[in-house]
Novice: 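Below you will find the structure I want to go over with you.
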Amino acid sequence: MPTTLQFNHMVKYGALFTLFFCVGNVFAQKHDYVWMLGYDGNDSIKHFGGTRIDFNFDPARLSFFNLPDSFEFETPCSIADENGNLEFYVDGCRMINSQHKMIENGYGFSPGWYQIQECNYRLFGYGGYQEFFALPRPEHPRHYLYFHHGLEKGFVEKTVYYSEVDMNANDGAGKVILKNRALWALDTIAFSASAVRHGNGRDWWVTYAVANRNIYRLFLVKPDTVEGPFIRSMEEKDAKSFELGWNTNFSPDGKKFVRTTFTSPPSFFLYDFDRCAGRFSNARRIDFPVDAGEYPWATFSPNSRYLYLQVGAHNLYQYDLEAEDIASSAILIGEFDGFKDKQGFPTLFHMVALAPDGKIYISPFNGSRYLHTIHNPDERGAACDFRQHDLEIPTNNLEFLPNYPNYRLGAMPDNACAPVREGCFPIHIIPNPVSDFIQVEFDRPYTGPVWVYDMLGRLVLRASGSGQQRQEFDASGLPNGVYAVVLSCPERGAFEAGKCVVVK
């Protein structure tokens, strides 16, 4: 869909139209608005089962749901559509739709030793740390790419896969239409993967860290293909190796990338990132203030200025990335207070994740039903308002939180990745005004997406060109009014809009 800055290049119908389009687009990408968490078993009294955190409400709405039988939520993965409606959730073995039914062909992911042990015998809990996540497939409405991995004996991780889900299929119940497409199977990866929007505002970079090396494998997700790997090595720049890379994360603005490690002394590495070229630069190693202990984790504030680092399961630090000396800017904003839940589990710090409500949540390490919260993460020091065991959720949560990119990150200013031309090609709406059908005539055959917006910036119709120069779209359900018909020319980095009046 067109981004705010791209749309400015093809405004034809006045400031009001520009405003409603920009606002409607930037805030509509709500793919991370429904978090599905939990712990195997369904007993709401004993707090086993599923927890749904719905950020479509303010404050976020918490609710219990029954997990499918033997459903292990060790590494939660879920995605909503662009309007915040849940599409599916996954436990590494099964893909479940919003009606809590298994999606057609939604079983048998990640073939190999570990898949047999876990999905058939339920021996371990399908853990991927930071490697299960889903992205909307560019320019394919309600199509999603699910990224996952395979493990061999000894928990050696070697193969990275993706599968494609069409949630239009089966009357919205969904179908897996591509399964276990291997991206590569050469290097052992480090249990961590992250994604960031390409600078063109449409495609995605997917990044996998190589275990024990300062090397990264990048893949570029385009509308009709996944390209790569593109190898990025930083070994000659600073770090020679890693004992093990733990988590990775991109800043919300896409300009920075962090990786926590178990080097000696334990440290994190901070890089600048070029969203156009998919390249890292300016590698900086910053040692932890205290011993790493249990699995360190880092994430950024919404404004991308502050980095929050959980170290040793007992300490939470804030770093100012605008400081001249980042290492010296560290502030200890929280130490574990010893709290145990009613089951006796200490709520030690673990995964740190930014949520769409602008807060940062921290999951405990061992299955508690409490989350810690940073309420104002854009503020310095104590003003960030860190509260321990602050959010009591309906069920225990096995360990982690979902791994989401910033779905609302748009194109770089002035579409810096590719020159923006003055538009695609003319479109003609004949007749105009229309009643039941919008007939669009293109200057050449068109197969890309077609969006129709009302004057409040709401997406009211979404379709795809059929490859013909003339196509008809059903407008019988649209009330009288003025609408914008928008299409995309990604090869030109441009969009085109036509005005349509509906009169019944």
Side-chain angles (χ1 to χ4, degrees), residues 4-5 26 194-199 205 207 214 216 232 234 237-239 246-261 263 265-290 292 296-311 315-335 349 352-362 372-387 404-414 416-417:
T4 300
L5 288 167
V26 170
S194 297
V196 66
R197 184 84 71 173
H198 187 282
W205 291 108
T207 302
N214 200 8
Y216 303 88
R232 306 291 189 240
M234 300 295 293
K237 300 293 184 181
D238 191 348
W246 196 241
N247 89 294
T248 62
N249 227 321
F250 284 97
S251 58
D253 63 9
K255 295 180 180 180
K256 289 185 169 54
F257 178 82
V258 67
R259 181 181 184 182
T260 61
T261 77
T263 51
S267 57
F268 68 88
F269 284 78
L270 186 67
Y271 309 87
D272 294 337
F273 186 73
D274 181 341
R275 288 202 288 142
C276 291
R279 295 192 181 278
F280 302 98
S281 62
N282 192 24
R284 286 152 286 177
R285 171 177 170 163
I286 300 174
D287 293 337
F288 295 160
V290 295
W297 212 286
T299 199
F300 295 87
S301 61
N303 65 4
S304 300
R305 174 172 180 173
Y306 297 108
L307 180 77
Y308 289 88
L309 176 71
Q310 176 276 115
V311 186
N315 304 283
L316 183 65
Y317 288 87
Q318 181 197 70
Y319 289 82
D320 186 350
L321 303 184
E322 294 184 3
E324 184 173 345
D325 184 348
I326 294 175
S328 298
S329 73
I331 297 176
L332 179 65
I333 63 169
E335 292 182 277
F349 306 160
V352 185
L354 177 62
D357 62 358
K359 300 177 183 180
I360 290 176
Y361 294 93
I362 304 173
H372 312 293
T373 310
I374 304 174
H375 284 265
N376 302 307
D378 284 340
E379 300 297 329
R380 175 73 169 156
C384 76
D385 191 13
F386 172 55
R387 305 179 197 177
Y404 289 122
N406 179 10
Y407 296 107
R408 291 166 290 281
L409 180 60
M412 294 179 65
D414 298 320
C417 295

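Residues take their numbers from the sequence shown, with the count starting at 1. What you see is a predicted model, and the numbers here were worked out from it, not measured in a lab.
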Novice: Who are the side-chain hydrogen bond (donor to acceptor under 3.5 Å, both in side chains) partners of Thr207, not counting sequence neighbours?
Specialist: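 Expected list: none.
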Novice: For Cys384 versus Ile374, what's the shortest heavy-atom pair and its separation?
Specialist: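 Nearest heavy atoms, Cys384 then Ile374: O-CG2, 3.5 Å.
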Novice: Restricting to side chain to side chain contact (heavy atoms under 4.5 Å, CB included), what partner residues turn up for Pro302, sequence neighbours left out?
Specialist: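 Once residues adjacent in sequence are excluded, the partners of Pro302 under the side chain to side chain contact (heavy atoms under 4.5 Å, CB included) criterion are Leu354, Pro377, Asp378.
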Novice: Looking only at non-hydrogen atoms, find the nearest pair between Gly381 and Ile331 and report the distance.
Specialist: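 Distance-wise, the nearest heavy atoms are CA-CD1, 4.0 Å.
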Novice: Decide side chain to side chain contact (heavy atoms under 4.5 Å, CB included) for Phe257 and Thr248; before the verdict, give the C-alpha distance in whole Å, the side-chain angles of both, and the deciding distance to 0.1 Å.
Specialist: CA-CA 7 Å; Phe257 178 82; Thr248 62; 3.5 Å; yes
Novice: Got a sec, which residues hit salt bridge (Lys or Arg N to Asp or Glu O under 4.0 Å) with Asp274, two or more places apart in sequence or on another chain?
Specialist: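 Checked Asp274 against salt bridge (Lys or Arg N to Asp or Glu O under 4.0 Å); zero matches.
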Novice: For Asn315, check side chain to side chain contact (heavy atoms under 4.5 Å, CB included) against everything at least two apart and list the hits.
Specialist: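 Val290, Tyr317, Leu332, Glu335.
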Novice: How long is the span from the CD1 atom in Ile360 to the CG atom in Leu316, to the nearest 0.5 Å?
Specialist: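 Nearest 0.5 Å value for the CD1-CG distance: 8.5 Å.
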Novice: Between CG of Asn303 and OG of Ser251, what distance do you get to the nearest 0.5 Å?
Specialist: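 The distance works out to 10.0 Å.
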Novice: In Å, rounded to the nearest 0.5 Å, how long is the span from CG of Leu270 to CZ of Arg259?
Specialist: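 Leu270 CG to Arg259 CZ: 13.5 Å, rounded to 0.5 Å.
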Novice: Can you name the residues that form a salt bridge (Lys or Arg N to Asp or Glu O under 4.0 Å) with Glu322, not counting sequence neighbours?
Specialist: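 So Glu322 forms a salt bridge (Lys or Arg N to Asp or Glu O under 4.0 Å) with Arg305.
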Novice: Could you check Tyr271 against Tyr216 for ring pair (Phe, Tyr, Trp, His ring centres under 6.0 Å), going step by step and ending with a plain yes or no?
Specialist: CA-CA 12 Å; Tyr271 309 87; Tyr216 303 88; 5.8 Å; yes
Novice: Could you work out, with side chain to side chain contact (heavy atoms under 4.5 Å, CB included) as the rule, every residue matching Ser329, not counting sequence neighbours?
Specialist: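 Here the qualifying residues are Tyr319, Asp320, Ala323, Ile326, Arg380.
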Novice: To the nearest 0.5 Å, how far apart are OH in Tyr306 and OG1 in Thr299?
Specialist: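 Result: 15.5 Å between the selected atoms.
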Novice: Considering all heavy atoms of both residues, which atom of Phe288 and which atom of Thr261 are nearest to each other, and what is their separation?
Specialist: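 Here Phe288 and Thr261 meet closest at CE1-O, 3.9 Å.
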Novice: Got a sec, which residues hit side-chain hydrogen bond (donor to acceptor under 3.5 Å, both in side chains) with Tyr308, two or more places apart in sequence or on another chain?
Specialist: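 In terms of side-chain hydrogen bond (donor to acceptor under 3.5 Å, both in side chains), with neighbours along the sequence ignored, Tyr308 is linked to Gln318.
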Novice: Indicate yes or no: at least one non-hydrogen side-chain atom of Met412 is less than 4.5 angstrom from one of Cys417.
Specialist: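 SC-SC contact between Met412 and Cys417 confirmed.
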Novice: What I want to check is whether the side chains of Ser194 and Asn249 have a donor and an acceptor closer together than 3.5 Å.
Specialist: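 Ser194 vs Asn249: no donor-acceptor pair found between side chains.
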Novice: With Asp272, which of Lys255, Arg279, Arg284 fulfils side chain to side chain donor-acceptor pair (under 3.5 Å)?
Specialist: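 For Asp272, the side chain to side chain donor-acceptor pair (under 3.5 Å) test succeeds with only one of Lys255, Arg279, Arg284, which is Arg284.
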Novice: Parallel, tilted or perpendicular for Phe349 and Phe386, by the 30°/60° rule?
Specialist: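 It falls in the perpendicular class, over 60°.
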Novice: Just to verify, what does Arg197 make a side chain to side chain contact (heavy atoms under 4.5 Å, CB included) with, not counting sequence neighbours?
Specialist: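 With sequence neighbours excluded, Arg197 shows a side chain to side chain contact (heavy atoms under 4.5 Å, CB included) to Trp204, Arg275, Leu409, given in chain and number order.
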Novice: Minimum heavy-atom separation for Leu309 to Ala298, with atom names?
Specialist: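 The answer is CD1-CB, 4.0 Å.
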Novice: Using side-chain hydrogen bond (donor to acceptor under 3.5 Å, both in side chains) as the criterion, list what pairs up with Arg387, not counting sequence neighbours.
Specialist: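 Testing Arg387 for side-chain hydrogen bond (donor to acceptor under 3.5 Å, both in side chains), a comparison that skips the adjacent residues, returns Asp385.
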Novice: Tell me the closest heavy-atom pair linking Val196 and Gly254, and the distance in Å.
Specialist: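 Between these two residues, the closest heavy atoms are CG2-CA, 3.8 Å.
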Novice: Considering residues at least two apart in sequence or located in another chain, which fulfil the side-chain hydrogen bond (donor to acceptor under 3.5 Å, both in side chains) criterion with Tyr361?
Specialist: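 Applying side-chain hydrogen bond (donor to acceptor under 3.5 Å, both in side chains) to Tyr361 gives Asp357.
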Novice: Which atoms form the tightest heavy-atom contact between Phe250 and Ala195, and what is the distance?
Specialist: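 Looks like CD1-O, 3.7 Å.
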Novice: Does anything in residues 325-334 form a salt bridge (charged side-chain N to carboxylate O under 4.0 Å, His left out)? List the pairs, not counting sequence neighbours.
Specialist: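 For residues 325-334: none.
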